[in-house]
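Position 1 is the first residue of the sequence, and the numbers go up from there. One-based numbering, in listed order, for ligands and for the atoms of each.
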Amino acid sequence: MKYYSTNKKVSGVSLQDAVVKGLAEDKGLFMPDVIKALPQSFFDNIENMTFQEMSYVVADAFFGEDVEAEALKKIVYDTLSFDVPLVHVTDNIYSLELYHGPTLAFKDVGGRFMSRLLGYFIQKQGEKDVKVLVATSGDTGSAVANGFLGVEGIHVYVLYPKGLVSPIQECQFTTLGQNITSIEVEGTFDDCQALVKSAFMDAELNAKMKLTSANSINVARFLPQAFYYFYAYAQLKKLGKADQMVVCVPSGNFGNITAGLFGKRMGLPVKRFIAANNRNDIFLQYIRTGEYSPRPSVATIANAMDVGDPSNFARVLDLYGASHSDIAAEIAAVSYTDEQISDTLRSCKAETSYLLDPHGACGYQALKEGLHVGEVGVFLETAHPAKFLETVENIIGEKVEIPAKLQEFMKGTKQSTPMTKDFASFKGYLMGV
Ligand SMILES: *Cc1c(COP(=O)(O)O)cnc(C)c1O
């Protein structure tokens, strides 16, 4: 499969190059030349397949030409070694819990898949010492670090803003050791990102070492997110409720929902999508007006969706040939304030005893308000509520149980390297490792 850039100045790129580069040279996002439709027989039988089996079929459609079958199968099976249950919440509303992986959020799927695919290519090339640089505002660092933990030939450097990630998020990447190094930057997330970008552009550094990125726009991180849409459908079908499936996705950079749109292009019977946003409602404004007007993000209690210029919007436009009416016909949009998110979380807990996290709360509320007669809604529960412990406990006025996996991280010893935000010191550090 070849990949082209959404900016259309780059095409014919191999999967390997697309994965190693992350972003195209014209600054666009990579898209596969073809999105293969899966045969009807696959959908007829999907409810009898395991999550891993059906995901391998999906992965094969994208990556099968470029990765040997056995290796791809191992990558898929290895990535999906945790459950993604569909839980009935109320009426026609189901929660697809994507938070049973190592760091309790859906980014585990993309993080793990990408790490293994990159590991595969690096081994094939005979590279021995590849450095992955990743800047994080909290969640990405943990998913990428845990995905790459123990992967041979790769060392990961996680750059994060000192004092600006929650203690729970911090311990998920600073306690790992092995091939993971955490760098605590005296600055903001933007400073961390600037350091990473400068490193990629620095000729001297790149001559000395092999650097690559692990950001969320990488095709290897983004496409595997299609897997669980198929699994949601299969589980609903088993219940005899899949005829008018509506999927609601709490969205920030729009990578997750775009993977669902790819699933639909492959033939997955999703009637329509809803993108649920917090107050950062750039997509809602686009749906309403046809104008895409990015603006600086505002901080909310659903902070993983605090995005003012969603990077995958370029992929959405590309998929629909930039037709606003086609996009609006398939994707509805909503936006909720912190107060509405809190009210939803509290009332859902009181009425159904189901505990949402602030992101999932946006998804749940959108279905409560937006489902039409006969439709069945699935919202993606993107993170475990304990990842936002203080916020959730304050809202419901009760203690939240912390899963054992999270407690393990909290027991570990924090190890991090302090760094100023000026590039010379970061470069000096990298030259010395
Ligand atoms: C990253 C994230 C999102 C947003 O996903 P996108 O793919 O960026 O749209 C939503 N919820 C949680 C918990 C996240 O970590």
request  = Please find out if less than 6.0 Å separates the ring center of Phe379 from that of Tyr94.
outcome  = no
request  = Tell me yes or no: between the side chains of Asp306 and Ser297, is some donor less than 3.5 Å from an acceptor?
outcome  = no
request  = Could you note down all residue pairs passing salt bridge (charged side-chain N to carboxylate O under 4.0 Å, His left out) where residues 347-357 supplies at least one of them, sequence neighbours left out?
outcome  = Lys349-Glu398, Glu351-Lys368
remark   = Contacts for ligand 1, heavy atom under 4.0 Å, by chain and number, are Phe106, Lys107, Asp139, Pro250, Ser251, Gly252, Asn253, Phe254, Gly255, Asn256, Ala304, Met305, His359, Thr382, Ala383
inquiry  = Can you confirm whether Lys271 sits close enough to Met245 that some side-chain heavy atom of one is under 4.5 Å from a side-chain heavy atom of the other?
reply    = no
note = Sorted by chain and number, sequence neighbours left out, side-chain contact (heavy atoms from CB on, under 4.5 Å) with His324 holds for Tyr286, Ala328
ask   = Does anything in residues 130-146 pair up under salt bridge (charged side-chain N to carboxylate O under 4.0 Å, His left out), and if so which pairs, sequence neighbours excluded?
value = Asp129-Lys131, Asp139-Lys387
